[in-house]
Number of protein chains: 2
Amino acid sequence: MDPNKSFKHLPHKTIERLSQYRRALLICLNNGKSHIFSHEIAQIQHITSVQVRRDLMLIGYSGTLRKGYNIQELIDLIGEIIDSNEGINVAVVGMGNLGRALINYFSGKRHKLSIVAGFDTNPDKIGNYMNGVECFSVEDMHKIVKEKDITIGIITVPASQTTEICDLLVESGIKGILNYTPKPVNVPDEIYLEEYDMITTLEKVAFYVKLPDEAPETKQSKARP
Amino acid sequence: MDPNKSFKHLPHKTIERLSQYRRALLICLNNGKSHIFSHEIAQIQHITSVQVRRDLMLIGYSGTLRKGYNIQELIDLIGEIIDSNEGINVAVVGMGNLGRALINYFSGKRHKLSIVAGFDTNPDKIGNYMNGVECFSVEDMHKIVKEKDITIGIITVPASQTTEICDLLVESGIKGILNYTPKPVNVPDEIYLEEYDMITTLEKVAFYVKLPDEAPETKQSKARP
DNA sequence: CAATTCCTGTTAATAGTTTAACAGGGCAAA
DNA sequence: TTTGCCCTGTTAAACTATTAACAGGAATTG
């Protein structure tokens, strides 16, 4: 890959779609396909083929006329762009239902991204394992984050504890935070923050469902939205 | 409220923010506040006061100069816009960790929106209650959806079952679907669809975390988005 | 009662994202 | 080989969303 090429300025939405393209492509590869057309990717993702071609143009990948894109090559390229070389370690704070759901999602996947620790305040949970992920006390967060080189924290605690936990993560030296609680948090500018609120999403669906006539159909705010 | 006023064309993002404003306002009300400034709302939500004022302008609400907005009035107005008169019934399909997390989030809340049923394929779960929500067999979906007048379905099953479950929901006559699995689904145009994929979001955070220099800070992709 | 400050409401400008339009090249069929 | 079709790559336009700019009114101060 051209080392002069920087992908820093790719649109946010393109980054999200690349992640999705890759997962769809991996499935296609497992099904024995070697090439794929932009309109096929588009159909899987419910978007237009123009958008797919535009995204691939932005990352500088070219397909073959009348043959489409080489799936393996494209998977590799997307990996070069969105994965980090070293692998990234993630912690889940709050081992309730949501935290466990996230750990389940990731267990057994061969991502460059791994959940390597859980945290909770409940003494009964500390020391337990969930799909190979150990649960630690939030009091030990600073130590564990350093030891395990954790750079991303996912907050899945009850809303009442959100602020406190977020501050703890920041103090521990985390670089990115994904907040799944309905309570917005404050972080320093140098920390990347993404917030997603399930209640808001459900209320939004309810709003468009109750509308008398045709509602615009949105695909994935996706963290967005 | 002016009956001629239609809120059909409010921006998607505004709808999402209204839901969030309301929740923040309810907390303020409980704390004994009666009025609030746009910059106070903005600070809570990590947005600019201009955006708050713009959103409120769009819904036609006026504040008082040097006094701010009447919290109770604003809560009521937001309710008139985003709530439906009759209340909306929701089902969660997939009573795993994620499904249970959603039910927990909603239990005890006095929303116009209530989760009134869970579905699962696991016979061991059928008949159980979670926070007052009964778990039914997916085979009975059509019947239960009709009986309980369910209009929204939330999909929280494993990705491998997503398509099948989505089709079942559509056949049952649901009007809106919120898909939390990483597998995109197809629905007829008249059904409102929102998809959110946690893996994508986490990969996005990882992308911006690994970037050498300053990353743009986003607040809430939020359904999605 | 000026001058100042604070906060709202609105319009204008900018930024971000999607969609439309089209140029072009290769395969296929006649 | 010519015609038609299919698919890519790119530029331009449209659309959506955020931010800047500013007009204006009420409380506040000197």
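In what follows, chains are A, B, ... by sequence order, proteins preceding strands, each numbered from 1. Because the structure is predicted, anything quoted here is derived from the model rather than measured.
Summarising the geometry, the separation between CG on B/Leu56 and C1' on C/dC7 is reported as 13 Å, rounded to the nearest angstrom. Between the CG atom of A/Leu65 and the C1' atom of C/dA28 there is a distance of 13 Å, rounded to whole Å. Atoms CD1 (A/Ile59) and P (D/dG9) sit 11 Å apart, rounded to a whole Å. Put simply, CG on B/Leu74 is 12 Å from P on C/dT8, counting in whole angstrom units. Following rounding to the nearest Å, A/His35 (NE2) and D/dT8 (C1') show an atom-to-atom distance of 14 Å. Here D/dC7 presents its C1' atom at 13 Å from CD1 of A/Ile41, a figure rounded to the nearest Å. Taking atom CZ of residue A/Phe37 and atom C1' of nucleotide D/dC5, one finds them 13 Å apart after rounding to whole Å.
Side-chain contact, A/Gln45 with A/Tyr21: no donor N or O sits under 3.5 Å from an acceptor N or O. Defined by atom type and a distance below 3.5 Å, a donor-acceptor pair is missing between the side-chain atoms of B/Asp55 and B/Gln51. Under the 3.5 Å distance criterion, with hydrogens and angles disregarded, no donor-acceptor pair is assigned to the side chains of A/Asn179 and A/Tyr196. Judged purely by distance below 3.5 Å, without hydrogens or angles, the side chains of B/Arg23 and A/Thr200 pair a donor atom with an acceptor atom.
Across the interface with DNA chain D, nearest-nucleotide mapping of A/Tyr61 and A/Arg66 shows A/Arg66 to be the residue nearer the 5′ end.
The residues B/Asp83 and B/Arg22 are annotated as salt-bridged, a charged nitrogen and a carboxylate oxygen being separated by less than 4.0 angstrom.
A donor-acceptor pair under 3.5 Å is formed between the side chain of A/Ser84 and the backbone N or O of A/Gly87.
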Original post:
Base, backbone or nothing for each nucleotide of nucleotides 10-20 of chain D, written B, S, -, heavy atoms under 4.0 angstrom, 5' to 3'?
Top reply: BBB----SSBB
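Residue contacts for A/Ser49: at a heavy-atom cut-off of 4.0 Å it reaches no nucleic acid atom on any strand shown.
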